Structure formats: structure tokens, C-alpha cells
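All of these numbers come straight from a predicted model, not from anything done at the bench. Letters A, B, ... are given to chains in the order of the sequence lines, protein chains preceding strands, and every chain is numbered from 1.
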Number of protein chains: 2
Amino acid sequence: MDDDRIADIVGQWGRERPDLDPTPLLIIGRIQQLAAVLDVALRPPFAAADLGNGDFDVLAALRREGEPYTLTAGQLSQRMLVTTGAVTKRVDRLIARGLVSRSVSAADARGRVVGLTSTGVALTDRLIEEHLANEAAILRGLTDSDRRTLERLLAAMNRTLASGDFEPEGGGHDG
Amino acid sequence: MDDDRIADIVGQWGRERPDLDPTPLLIIGRIQQLAAVLDVALRPPFAAADLGNGDFDVLAALRREGEPYTLTAGQLSQRMLVTTGAVTKRVDRLIARGLVSRSVSAADARGRVVGLTSTGVALTDRLIEEHLANEAAILRGLTDSDRRTLERLLAAMNRTLASGDFEPEGGGHDG
DNA sequence: GCGAATTGTCTTCCACGGAAGACAACTTAT
DNA sequence: ATAAGTTGTCTTCCGTGGAAGACAATTCGC
């Protein structure tokens, strides 16, 4: 099989543009490919429950928050890194399924409090087990030491990106 | 700042479901988050050229293939890991921009050969430089040794996923 | 208290990609 | 040569999420 698509790509660039260094793709390209493949690999339990991966994000965010399993739309938007518009639609779908409820906040009548129904808690508790088991299976090929190393390096990349001070092309965000 | 969203999530799960091991998220969750953040961080050069990230994928695939910078729709579909329908649409957009052309294959009249125009080559050559510079900047926080380690571990994960023999939940693909 | 600015959510419109089927062209067996 | 099956691409329909604006409720200054 074409067992390393990214290495091939790097090879092609090396031939066509020897003036450039394509090796960053060995990391960044692989991360992007991994994310795409992971989405597919981890989908089955959610698909079986007729849920989009994004919809499960809502359930998981509420469930891990602990009792009473509630968050406002804005809080969900922050935790899931999607816009509030996407939150509205995800919640709409889940309400249609009877997995969450939406009510007006007591503290601020603009706010909508989204909460897991008991059905929602039960489904989420079941799905998260399968989900984590699948994730564990995917990591089976790595030793404990490899895992710790990988965690550290990925966290380091996340920090670099979060700090935002990497953009070489003009985009100086001020400061 | 909430400098480690994933660590927080793992902490929440550990509190709510102490019977489960949420640590796979430290790797898999971070990869997914990184991919999302990378897409945003790497978009500016493409956005400036009025290109979607996916559209640049087409240009890059053709360019790194070398002269005469041509691939069929099917080949593009394989290299970009998207359906042929997506290829059709990406190519349509790029044709409208004058960056690629589409013609009937001489060898097989069903096949469509997509090729870079000279404008397309020029734009791609410019964008790939910016793009790789941005990727290099993102990796600036890692030592050479860290990079090699990260490449190795990501490649290992890719292999596990590609081989497909990880799915614990029933999904035995036969064999 | 009242009006202006702000905040939180929802709505509308749009872009993108997947799935499944349509269609044309190729291959093979006879 | 012809019919049946296969292959390569495009088309249609749908689902999902972003961006920008609408709207209601809150806060702040006076």
C-alpha cells in the first residue's frame, strides 16, 4: 500500500522545489491527515446512535460538567470552539431527539440554559465508554513512554499556536 | 488564559467518570484541536488569494506532480482524500479563476485531465513558499530532536489507523 | 428612570463536502 | 459486432458550520 502518503508528498516537493524545505509537512501534514482519519475511525458509535460527531460534543460537554448537567449556549460555544449559530443548530437537533432541553435562564432572560435529559445522560454515559475504548485502541501501538512524549509535544504545539506569536507574514496582531 | 483546554476536559471526566480512563484525549483530543487551529492559522495566504484551503490542495497536488502539471479527476480524488464530487466542485471554482483547465483525456474519453495554467503555476509557486514558511514558524518551538520524535510517533499512529486493525467494537471488517 | 451601548441567542444566507444515482465510455465474453 | 458489466466523472440533494445581522434583555451613565 501507499503506506506513507505524507512522505511521498514531501518527496515530490523536494524534487520540484529543492529551494524549499518541505519537512514541516511531516508533522503538520500528518496531524491534519490524522485528524481526518480519526474523525472517520471514531464515528461509528455516534453514527449508530444517529448522532453527528458535533452533536456528541454537546452531550459530552454537558455530561462532564457534572450535575445538573447544564450550560448556556454561550458556554457551549466556547467549549466546543464553534460559533453560537452552530450551537443553536446542534441543540435543536438534540432537542428533537429528546436528549437535551432548552429553557430561559433564571439569572438572565437573554440566556438559554441547555441541559441533558435523563435519556441524554444515559446515552452519553454509554457512548463515552465506547468512545474512550476506541481511542485507547487507536493508541495501542504506542508505549507509555511514547504517549507521554507525544502528549508533551502536542501540548507544546498547542501553546505555540494559542500564543499566536508565530505568524511570519506581516499579520502582526499588534503588541 | 485557559492554557490547556484538553487537560481541563480530562480533569472533568476524571471527576465525573472515575471508572474510565480519559487520558487518550491528551493525545487524540489535542490532535483534533491542533488540526482545527492549524486550519485557521494557515488560512491567511489562501484567503488573501481568494482560495479555500481545499482549492489550494488541488493546485498543490498538480504542482508537486511536476511537468506537465496534470492529473485526472480520479487521481486528484485519491491524493486529496475527498470524493470525486468534491473534486469536480473544486476544479470548477479554479477554472472560473483561470488557475486550472479541464480537458478530455486522450487515452480515455471518460477521463478529464486537469492541468495548471501558467497563472496557476505562478500562484501556486508563490503560495507554497508562504505556506511552508508559516508551517516552519509554527514548529519553531520544537527542537530538531523533538521534531524527529514527533514525526516518528505521528507516522506510527497513521500506520495503526491505516492498517485498520484497532476497532474494538464489533466492526470487524472481515479477515 | 431613561436612553445608549452591550450582551446573548437566534435567524438567514452562503460555502463546502459527502452519498447516491445518472450518464457516457470503455472492456470483455461470446 | 453486440450485450452486459465496469469505470470515471458529473449532478443532485442533503447536512453541517461560518458570518453577519436581527432581536430581546441587560447594564451603565446621567
Nearest-angstrom distance from the residue atom CE of A/Met80 to P of D/dG17: 9 Å
Min side-chain heavy-atom separation A/Leu42-B/Ile28 under 4.5 Å: yes
A/Leu38 side chain near A/Glu135 side chain, heavy-atom distance below 4.5 Å: no
Cationic N near anionic O, under 4.0 Å, A/Arg64 to B/Asp8: no
Are any protein N/O atoms closer than 3.5 Å to N/O atoms in nucleotides 24-26 of chain C? If there are, list each pair with its distance.
| unit_1 | atom_1 | unit_2 | atom_2 | d |
| --- | --- | --- | --- | --- |
| C/dC26 | OP1 | B/Ala109 | N | 2.8 |

Whole-Å gap separating P (D/dG17) and CZ (A/Phe56): 15 Å
Student check: side-chain heavy atoms of B/Tyr69 and B/Val100 closer than 4.5 Å: no
Derivation and outcome, salt bridge (Lys or Arg N to Asp or Glu O under 4.0 Å), residues B/Asp50 and B/Arg93: CA-CA 11 Å; B/Asp50 259 301; B/Arg93 289 192 290 271; over 6 Å; no
Value in whole Å for how far the P atom of D/dG15 lies from CZ of A/Arg97: 14 Å
A/Thr70 side chain to A/Val114 backbone, donor-acceptor under 3.5 Å: no
Grab the N/O contacts between the protein and nucleotides 13-22 of chain C below 3.5 Å, and write none if there aren't any.
| unit_1 | atom_1 | unit_2 | atom_2 | d |
| --- | --- | --- | --- | --- |
| C/dG17 | OP1 | B/Arg90 | NE | 3.3 |
| C/dG17 | OP1 | B/Arg90 | NH2 | 2.7 |
| C/dG17 | OP2 | B/Arg93 | NH2 | 2.9 |
| C/dG17 | N7 | B/Lys89 | NZ | 3.2 |
| C/dG18 | OP2 | B/Thr83 | N | 3.2 |
| C/dG18 | OP2 | B/Thr83 | OG1 | 3.1 |
| C/dG18 | O6 | B/Lys89 | NZ | 2.4 |

Sidechain-backbone polar pair: B/Thr149 side chain, B/Ser145 backbone, donor-acceptor under 3.5 Å: yes
B/Thr72 side-chain N/O to B/Arg112 backbone N/O, donor-acceptor pair under 3.5 Å: no
Gap between atoms CG and C1', on A/Asp92 and C/dC10 respectively (whole Å): 9 Å
Pairwise side-chain contact, A/Arg17 with B/Arg63, heavy-atom cut-off 4.5 Å (strictly under): yes
Selection: residues 59-79 of chain A, any non-hydrogen atom under 4.0 Å of DNA chain C: A/Thr72, A/Ala73, A/Gly74
Residues B/Arg102, B/Asp92: salt bridge by 4.0 Å N-O rule: yes
